[in-house]
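A quick write-up on the structure given underneath.
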Amino acid sequence: MDKNFVPKTVEETVYKTWESGGYFTPVIDPGKKPFSVLLPPPNANADLHVGHAMYVIEDIMIRFHRMKGDPTLWLPGADHAGFETQYVYEKHLAKQGKSRFDFDRETLYRDIWNFVHENRGKMENQLRRLGFSLDWSRNIFTLNPNVIKTVYASFKQLSDEGLVYRDSRLVNYCTKDGTGFSDLEVLYVERNDPMYYMKYGPFTIATARPETKFRDTALAVNPKDKRYKKYIGQTLQIMGLLGPVSMTVIPDAEVDPEFGTGIMKVTPAHDPHDFELGKKFNLPVTPIIDFRGKMDFSWFLNQPDIDPKYRERAEKYHGKKVAVVRPLMVEDLKADGLLVKIDEAYSHRVGTCWKCGTVIEPLPLEQWYVKVEPLAKKAIEAIKKKKVTFVPKRFEKTAKQWLTNFHDWNISRQNVWGIRIPAWKCTACASWTITDGSVPSSCYSCGSDAIIQDTDTFDTWFSSGQWPFATLKATKQGDFDYFYPTSVMETGYDILPWWVCRMLMLGIHLTGKVPFETVYLHGLVRDGKGQKMSKSKGNVINPLEMIDKYGADALRMALVFGTGAGNDQSLAEDKIRGMRNFSNKLWNIARFLSLYLDKFGISEFNQLPPYAGNRRKHDDQMTSAVTELTKKVTKHMEKYQFSDAANAIYEFAWHTFADQYIEQSKPLLEAGDKQTLATLINVFYAILTLLHPFMPFITEEIWSKLPKASEDPLIISSWPGSKQS
RNA sequence: GGUCGGUUAGCUCAGCGGUAGAGCGCUGCAUUCACAUUGCAGAUGUCGCAGGUUCAAAUCCUGCACCGACCACCA
């Protein structure tokens, strides 16, 4: 054996042995309860980051159960990541001086498909380099035809049940990326914006969005506010930048008399609260901002007999971006004597696009919505009845809160890269025909053949929310029946609302069973100082680089060692190096033992004296210590306490076994005591076995180099104390 | 405003009812003996503050103080 363990040369070979040996593929035994986990599918076109390496927790569970003899499935997959991937592809196009609008839908889709498939293998090989024992024979893509079939069927079913409906309401729209988003995808940031106080008839109003005032349809005051009570119900003539408009004062209990001047302008087309208020008071929804984020005054300019002064103004504003128009308006407000003051120090939360940072415009648009409440109720019920449990437990409350507060879910996206919504609109009667994916020949309502398919695609989370059953129905015959519900869903707590809750809701409703029995949530990986990793800070730890430098085992161990479930962790390179040193320690223990095997001329396991008959004090001590360790580690594994398990093995291997037992054994070995060697080797095997889920490569490699009772590779050797068939 | 988390050795964090732990760092000694990616020895903590429960609390309860995360339609 070499003096030092060199992971690079070993890991690739070992992984190939596992994969070609078929050990990742479960042997289905109807008499046994399976253990199954779905890998949260990484984006097909992107490299893995250190957060993905946290899925090592899944590999640990999987390897543990496989060694216990359970039919064990860890299902790999790749996510088409609709909007996110299209965003990356558009950047790629931009480098070539092109945009997505240069292509027709089919071409664009095909090009992105090719783009993704060129990159896809990269991510999959990175998962291999981490040592993940995924069943590649079942590897599945979110755009697999069978997955799509399930997603279509679900959409149709939900629609038939009235749980999917189409509605026109204000959508969180990114005018740069050209698509709407669900509420969850809006990222709120604290920002300073000027607050404009302007004259409004007999009042002064305060607004941070003066550009929307052209389409105000009412004024709202708190019905309890004595200052304005007398105006409620009155219709007033108000002088604006484009001449007088008439507006009614309406009561709204949610108006805060303390805020601004206590009177609020109502713009149903551009503010969600105003939109609701507009519904209640039957106000028109009249937009002033278009889908490109530009001011649209065509409604005004199309009117006959406009005062030339106002026409000039409207023309000046028309077609310009919001940010450009604001200062122009301020000038005009001043000129008309309508500007009271500007408060520059106003701080508020602004919704931005989570991807590009553009301010989200609430814009009126027709979209498909999922009616969440009935689905959420079932999910909450399942949590309460312990059909699904959380590790750590506190996330149970978080999940319930999310499920209680979800609004209806907008699942339409104005993207090309995704699953196109199987809905056709009739140009004759305006009704929608929804199918299971097959193209209808005519409108289901009026029979007209003038039908056009919706150009939108599904929110990626709508399909990934069905991942547990959509995959298992698509992989191999019988998989769904055998492996569903899956055992554990392990993922970062940051996608609890996006993904975990949605899988619960859709899974329970559409299959009648929870999609997974346990949810294990891990935290964020931060840098060595506890800072969030980001490219701009330059503190990003690249998992592949770390694997090259220290080995996958070291990285894996560093990630679980000393990390509590659900807690963020700081990962410094020093910690990984420390674990590399541990690898080296193990390697040298193996070298030491093989040295004496050679000295004693032992090449076969049965040439060693039997282990079980040891009754000498020194051997006994070792044996009972390792038995204790095994119990402890097994208990920790079963309770998802991986940090404690790793800690216990590390401590035992290095500071008990190597530092004490081996040192004490040296004189005995020098005296030619084979019994001592036999005991040491057997204890070491127990350590390797217990450690294998955490550090699979080095343990397997050492295993292969020493004589053993069975020729089975470590990956399928039995966990001590478990019953194997 | 609401919810959740954190506050433990110089740094980063485990532990969460029985007289303080790990990794890294630090100090001293050791090197042809499996490993310097090492060994041995060692220093460093009234476990955020104040009360309470208990034979016993870093660990449970209450309050407070700072940090942090997430949520919420204050224009």
Side-chain angles (χ1 to χ4, degrees), chain A residues 1-6 170 183-184 186-188 195-196 205-210 212-213 216 219-220 222 252 254-267 270-277 346 348-349 351 362 392 394-398 400-402 404-407 493-494 496-497 523-524 526-532 550-551 554 557-558 560-596 641-644 646-648 650-651 654-655 658-659 662-663 666 669-670:
Chain A
M1 285 171 81
D2 297 331
K3 190 173 170 191
N4 289 325
F5 173 61
V6 186
L170 293 193
D183 293 343
L184 288 181
V186 180
L187 189 71
Y188 288 93
M195 177 74 115
Y196 303 89
I205 57 146
T207 181
R209 302 215 53 189
T212 63
K213 73 173 246 127
D216 293 350
L219 287 163
N222 191 304
D252 177 14
E254 284 178 50
V255 173
D256 177 1
E258 303 292 314
F259 186 89
T261 57
I263 185 155
M264 184 182 86
K265 67 192 205 63
V266 183
T267 321
H270 296 297
D271 182 280
H273 175 254
D274 295 2
F275 184 83
E276 289 307 313
L277 204 57
Y346 176 61
H348 63 157
R349 271 159 45 95
R394 70 182 130 95
F395 285 110
E396 197 172 293
K397 189 170 180 184
T398 316
K400 276 195 272 191
Q401 278 172 348
W402 274 109
T404 312
N405 294 318
F406 275 133
H407 298 303
Y493 67 74
D494 51 329
L496 175 66
L524 259 54
R526 298 165 177 277
D527 79 358
K529 291 171 193 158
Q531 303 279 310
K532 207 166 179 173
Y550 304 111
M557 196 66 170
V560 289
F561 199 95
T563 307
N567 290 349
D568 293 351
Q569 67 165 309
S570 301
L571 180 67
E573 193 170 333
D574 274 349
K575 191 175 177 188
I576 306 170
R577 193 182 304 122
M579 293 303 151
R580 186 272 317 265
N581 295 353
F582 179 54
S583 303
N584 192 58
K585 191 68 184 180
L586 294 168
W587 187 254
N588 277 291
I589 292 170
R591 281 182 68 210
F592 176 79
L593 296 176
S594 62
L595 195 84
Y596 281 96
Q641 296 160 342
F642 305 114
S643 170
D644 301 85
N647 215 322
Y650 177 99
E651 194 58 29
W654 197 324
H655 302 301
D659 291 347
I662 288 186
E663 290 307 319
K666 276 180 179 172
L669 291 169
E670 276 307 305

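Below, chain A is the first sequence line, B the second, and so on; all start at residue 1.
Of the side-chain N and O atoms in A:H655, one or more sit less than 4.0 angstrom from OP1 or OP2 of B:G23. In terms of phosphate contacts, A:N567 brings no side-chain nitrogen or oxygen within less than 4.0 Å of OP1 or OP2 of B:C13. A sub-4.0 Å separation between OP1 or OP2 of B:C71 and a side-chain N or O of A:K397 is absent. Contact check, A:Y346 against B:A75: a side-chain N or O comes under 4.0 Å of OP1 or OP2.
Nucleic acid contact for A:I589: base, since at least one base atom lies under 4.0 Å from a heavy atom of the residue. No contact: A:L571 has no heavy atom under 4.0 Å from any strand. Counting non-hydrogen atoms under 4.0 angstrom, A:A208 reaches nothing in the nucleic acid. Using a 4.0 Å heavy-atom criterion, one finds that A:S643 contacts the sugar-phosphate atoms exclusively. Counting non-hydrogen atoms under 4.0 angstrom, A:N405 reaches nothing in the nucleic acid. A:K3 comes within 4.0 angstrom of sugar-phosphate atoms only, judged by non-hydrogen atoms across all strands, and of no base. Counting any heavy atom pair closer than 4.0 Å across all strands shown, A:G260 reaches no nucleic acid atom. Residue contacts shown for A:E254 include a base, since a base heavy atom lies under 4.0 Å away. Note on A:Y650: only backbone sugar-phosphate atoms sit closer than 4.0 angstrom, heavy atoms only; bases stay farther off.
Atom P of B:G48 sits at a distance of 15 Å from the matching atom of B:C13, rounded to the whole Å.
The two residues A:V560 and A:A646 make their nearest non-hydrogen contact at CG2-CB, 4.3 Å. Taking both residues in full, the closest heavy atoms of A:P362 and A:R209 are given as CD-NH1, 4.3 Å, listed atom of the first, atom of the second, then distance.
Under a 3.5 Å cut-off, the side chain of A:N222 and the backbone N or O of A:V255 do form a donor-acceptor pair. At distances below 3.5 Å, not a single donor-acceptor pair connects side-chain atoms of A:K532 with backbone N or O atoms of A:L524. For the pair A:S570 (side chain) and A:G528 (backbone), a donor-acceptor distance under 3.5 Å is absent.
Checked by distance alone, A:R349 brings a side-chain donor or acceptor within 3.5 Å of a matching partner on the base of B:A72. Taking 3.5 Å as the limit, the base of B:A34 and the side chain of A:E663 contain a donor-acceptor pair of atoms between them.
Between A:K265 and the choices A:D271, A:D274, A:T207, A:D216, the side chain to side chain donor-acceptor pair (under 3.5 Å) rule is met once, by A:D216.
When each of B:G39, B:U37, B:A14 is scored by its nearest atom to the side-chain atoms of A:N4, the top-ranked nucleotide is B:U37. Side-chain atoms of A:Y188 lie closest to B:A72 of the nucleotides B:A72, B:G23, B:G5. The side chain of A:A658 sits closest to B:A34 out of B:A75, B:U37, B:A34. Taking the side chain of A:V255 as heavy atoms from C-beta on, and the options B:C73, B:A34, B:A75, the nearest nucleotide is B:A75. The side chain of A:S570 lies closest to B:U12 when the candidates are B:U12, B:C4, B:C73. Taking only side-chain atoms of A:D271, from C-beta outward, the nucleotide of B:U37, B:A34, B:A75 with the closest atom is B:A75. The nucleotide whose nearest atom lies closest to any side-chain atom of A:R394 is, among B:G39, B:C4, B:A14, B:C4. Taking only side-chain atoms of A:D574, from C-beta outward, the nucleotide of B:C24, B:A22, B:A34 with the closest atom is B:C24. With B:U37, B:A34, B:C70 as the choices, the nucleotide that has an atom nearest any side-chain atom of A:W402 turns out to be B:C70. When distances are taken from the side chain of A:F561 to each of B:C35, B:G23, B:G39, the shortest belongs to B:G23.
Pairs of Watson-Crick or G-U wobble type, with distances under 3.5 Å, assemble into runs of 3 or more in RNA chain B at these ranges: B:1-7 with B:65-71, B:10-13 with B:21-24, B:26-30 with B:38-42, B:48-52 with B:60-64.
Ring orientation note: the planes of A:F582 and A:W654 are close to parallel, at an angle under 30° on the 30°/60° scale. Between A:F259 and A:Y346, the angle of the ring planes goes over 60°, which puts this pair in the perpendicular group of the 30/60° scheme.
Whole-Å rounding puts the A:F592 CZ to B:C35 C1' distance at 11 Å.
Partners of A:K3 under the side chain to side chain contact (heavy atoms under 4.5 Å, CB included) rule, at least two apart in sequence or in another chain, are A:R591.
Each of A:F395 and A:K532 was assigned the nucleotide of RNA chain B with the nearest heavy atom; the assignment lying further toward the 5' end belongs to A:F395. A residue-by-residue look at A:G530 and A:K575 shows that A:G530 has its nearest nucleotide of RNA chain B further toward the 5' end.
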